[in-house]
There are 2 protein chains.
Amino acid sequence: MDQNKIPQATAKRLPLYYRFLNNLQLQGKTRVSSKELSEAVKVDSATIRRDFSYFGALGKKGYGYNVEYLLGFFRKTLDQDELTEVALIGVGNLGTAFLNYNFTKNNNTKIMMAFDADEKKVGTEIGGIPIYHIEELEDKLGNVKVAILTIPAAEAERITDRLVAKGIKGILNFTPARITVPDDVRVHHIDLAIELQSLVYFLKHYPLESDKQ
Amino acid sequence: MDQNKIPQATAKRLPLYYRFLNNLQLQGKTRVSSKELSEAVKVDSATIRRDFSYFGALGKKGYGYNVEYLLGFFRKTLDQDELTEVALIGVGNLGTAFLNYNFTKNNNTKIMMAFDADEKKVGTEIGGIPIYHIEELEDKLGNVKVAILTIPAAEAERITDRLVAKGIKGILNFTPARITVPDDVRVHHIDLAIELQSLVYFLKHYPLESDKQ
DNA sequence: TAGAAGTCGTGATTATTTTCACAAATCCAC
DNA sequence: GTGGATTTGTGAAAATAATCACGACTTCTA
């Protein structure tokens with residue numbers, strides 16, 4: 001709750017900045033200007049400076065930003081030192097992609113367990129993460145507060161209700177279903193079909209330059 | 001180019017509206033109010049009315065919207081009758097998820113071909129879509145103008161350059177890399193790791209209600 | 001040490017998007 | 001028909017976000 005004065009648009013860009021700063025440090029760079037960063041992350045440099053300024057004066061005029069300092073600062077801001085445990089529901093192709101993705105490497109999140117209805121998958125592991133039967137959801141979930149939903153749309157609402165009943169507070173919903181949750185649960189929708197359709201619509205109806213999201 | 005007076009935020013919601021209207025029709029509903037639709041798609045009803053109003057007066061006061069009429073209208077607006085061909089680059093788990101997803105069912109897009117560097121995959125099909133070797137890109141791409149990028153980040157820029165050279169105008173980029181393209185190429189980034197991190201950040205720092213994206 | 005070049009932080013402006021709130025039109029029950 | 005209940009479409013206001021543009025300060029070069 002500490003910095004809810006920070007605009008949402010800014011907050012969404014923080015993980016992006018963090019990752020690129022990390023890259024810069026790995027490359028051995030010690031300083032970076034908003035202009036350089038702008039070219040790397042494709043965000044206007046004034047926007048970057050404004051974003052950073054919500055956290056105070058992090059840079060130096062005529063010099064830019066010290067990579068290590070900035071990185072340390074964002075590490076704290078993004079709670080990079082505190083691991084958030086995540087459960088994945090639905091081990092299809094999309095779910096498997098998540099399990100194989102080593103989030104923990106650059107992230108403060110770790111998928112601790114996965115659930116699926118397919119008996120053939122239950123009991124196995126992918127990327128070191130155990131797969132339980134979906135009926136074990138309530139037993140195994142423990143204190144996990146974040147879930148990734150990669151199941152068929154038809155089951156989305158039913159599973160969501162169970163997740164919410166068990167105390168889940170954040171859901172990354174990859175199903176096309178628009179799920180209903182109480183006010184204190186946050187849902188982010190990522191709808192792959194819509195992203196594709198929307199891209200096609202923009203291509204056909206919008207001028208051919210700038211504003212690439 | 002016809003309706004570029006339509007706000008981008010509205011344009012992004014159109015495919016969502018379309019899909020839910022389609023569902024309503026399948027359920028046999030003939031009319032719908034902005035309030036009902038609002039509950040289904042989780043978008044404020046005033047926003048829905050405003051969105052629709054950019055296309056003229058589509059509804060009737062005291063009645064709502066005629067589902068069939070609205071659907072027909074959006075079908076034309078979203079060019080649902082005109083198929084957009086898409087190429088998928090990178091047949092890993094995420095790529096496979098796309099190939100198995102039958103976009104064409106409710107969409108105006110169809111993945112026509114896929115590319116991968118893995119000889120074991122080349123020559124096979126997934127979901128009826130042929131997989132070619134990535135070195136055949138220039139030969140096989142033909143007139144396809146949209147690509148989905150589901151490859152490792154390290155290869156993103158190199159492949160992007162080849163796609164652009166071959167005339168691709170829209171890229172749905174699932175790699176963490178921020179690719180560089182000419183002004184007339186549109187890129188939409190979907191960064192799974194960032195989506196997860198961003199959700200976690202919002203959970204920790206933002207008040208517990210409303211504004212679920 | 002002096003001057004030129006670089007870069008931040010931010011006030012002000014502009015652009016975009018959402019929301020309020022209500023007149024006007026329509027529907028529907030009786 | 002009549003009158004109360006609905007629901008749109010939209011002007012106006014509010015909220016949010018992006019961008020401009022420049023003073024202030026730092027760094028760098030010689």
Side-chain angles (χ1 to χ4, degrees), chain A residues 3-14 16-17 21 24 29-70 73-74 198 202 205-207 209-213, chain B residues 3-14 16-17 21 24 29-67 69-70 73-74 189 198 202 205-207 209-213:
Chain A
Q3 347 237 21
N4 63 22
K5 60 278 242 154
I6 290 161
Q8 298 215 3
T10 296
K12 281 193 194 163
R13 285 186 291 263
L14 296 184
L16 183 63
Y17 296 146
L21 288 171
L24 287 179
K29 294 205 61 163
T30 57
R31 59 181 276 194
V32 66
S33 69
S34 60
K35 188 151 166 289
E36 284 174 278
L37 202 49
S38 167
E39 276 151 30
V41 301
K42 317 287 180 194
V43 171
D44 185 86
S45 68
T47 300
I48 292 179
R49 291 199 301 282
R50 174 78 63 196
D51 282 349
F52 288 3
S53 78
Y54 291 116
F55 299 99
L58 303 176
K60 253 192 211 159
K61 304 187 177 187
Y63 173 89
Y65 301 91
N66 178 288
V67 173
E68 193 172 334
Y69 176 74
L70 207 50
F73 185 84
F74 277 120
S198 158
F202 276 82
H205 296 80
Y206 280 71
E209 55 197 325
S210 62
D211 56 38
K212 287 152 222 144
Q213 131 125 220
Chain B
Q3 347 236 22
N4 64 22
K5 61 279 240 146
I6 291 161
Q8 298 215 3
T10 296
K12 282 195 195 160
R13 285 186 290 264
L14 296 183
L16 182 64
Y17 295 146
L21 288 170
L24 287 179
K29 294 206 62 163
T30 58
R31 59 181 276 193
V32 65
S33 68
S34 60
K35 187 150 166 291
E36 284 173 278
L37 201 50
S38 167
E39 276 152 29
V41 300
K42 317 286 182 194
V43 171
D44 184 85
S45 68
T47 301
I48 292 179
R49 291 200 300 282
R50 174 78 62 194
D51 282 348
F52 287 4
S53 78
Y54 292 114
F55 299 98
L58 303 176
K60 252 192 209 157
K61 305 188 177 188
Y63 174 88
Y65 301 89
N66 178 288
V67 172
Y69 177 74
L70 207 50
F73 185 85
F74 278 120
H189 296 279
S198 158
F202 276 80
H205 298 273
Y206 281 71
E209 55 196 325
S210 62
D211 58 38
K212 284 154 222 142
Q213 131 123 229

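Proteins come first, then strands; the chains are lettered A, B, ... in the order of their sequence lines, and each starts at number 1.
- Counting any heavy atom pair closer than 4.0 Å across all strands shown, A:Phe52 reaches no nucleic acid atom.
- Rounded to whole Å, atom C1' of C:dG9 lies 18 Å from atom NZ of A:Lys35.
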For nucleotides 19-22 of chain C, tabulate all protein N/O to nucleotide N/O atom pairs closer than 3.5 Å, reporting atom names and distance.
unit_1, atom_1, unit_2, atom_2, d
C:dT19, OP2, B:Thr47, OG1, 3.4
C:dT19, O4, B:Arg50, NE, 3.3
C:dT19, O4, B:Arg50, NH2, 2.8
C:dA21, N6, B:Arg49, NH2, 3.3

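- Using cut-offs of 30° and 60° on the angle between ring planes, the pair B:Phe74 and B:Tyr17 is tilted.
- In terms of phosphate contacts, A:Arg31 brings no side-chain nitrogen or oxygen within less than 4.0 Å of OP1 or OP2 of D:dT26.
- Between B:Leu37 and B:Ile48 the shortest heavy-atom distance is C-CD1, 3.9 Å.
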Polar pairs (N or O, both sides) under 3.5 Å between protein and nucleotides 23-26 of chain C?
unit_1, atom_1, unit_2, atom_2, d
C:dT26, O4', B:Lys61, O, 3.1

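- The two residues A:Asp51 and A:Arg13 come nearest to each other via the heavy atoms OD2-NE, 2.7 Å.
- Annotation: side chain to side chain contact (heavy atoms under 4.5 Å, CB included) contacts of B:Arg50 (sequence neighbours excluded): B:Ser53, B:Tyr54.
- Between B:Phe55 atom CZ and D:dT10 atom P there is a gap of 14 Å when expressed in whole angstrom units.
- For the pair A:Tyr63 and A:Thr30, the tightest heavy-atom approach, listed with the atom from each and the gap, is OH-O, 4.2 Å.
- At C:dC8, one or more side-chain N or O atoms of A:Ser34 fall inside 4.0 Å of OP1 or OP2 (strictly under the cut-off).
- Across all non-hydrogen atoms, the minimal contact from B:Ser38 to B:Ser45 is OG-N, 3.5 Å.
- When all heavy atoms of A:Arg49 and A:Ser34 are compared, the pair lying nearest together is NH1-OG, 3.1 Å.
- Residues satisfying the salt bridge (charged side-chain N to carboxylate O under 4.0 Å, His left out) criterion with B:Lys42, sequence neighbours excluded, are absent altogether.
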Applying the Watson-Crick and G-U criteria (both distances under 3.5 angstrom) with [ ] for crossing and | for other-strand pairs, one obtains for DNA chain C ||||||||||||||||||||||||||||||
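- In this entry the distance linking CZ of B:Phe73 with C1' of D:dT8 reads 16 Å, nearest Å.
- Remark: side-chain polar atoms of B:Glu39 are not paired, donor with acceptor, to backbone N or O of B:Glu36 under 3.5 angstrom.
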Identify each atom pair where a protein N or O and an N or O of nucleotides 1-3 of chain C are less than 3.5 Å apart, giving names and distance.
none

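- Taking every heavy atom of both residues into account, A:Ile6 and A:Phe55 meet most closely at CD1-CE2, 3.1 Å.
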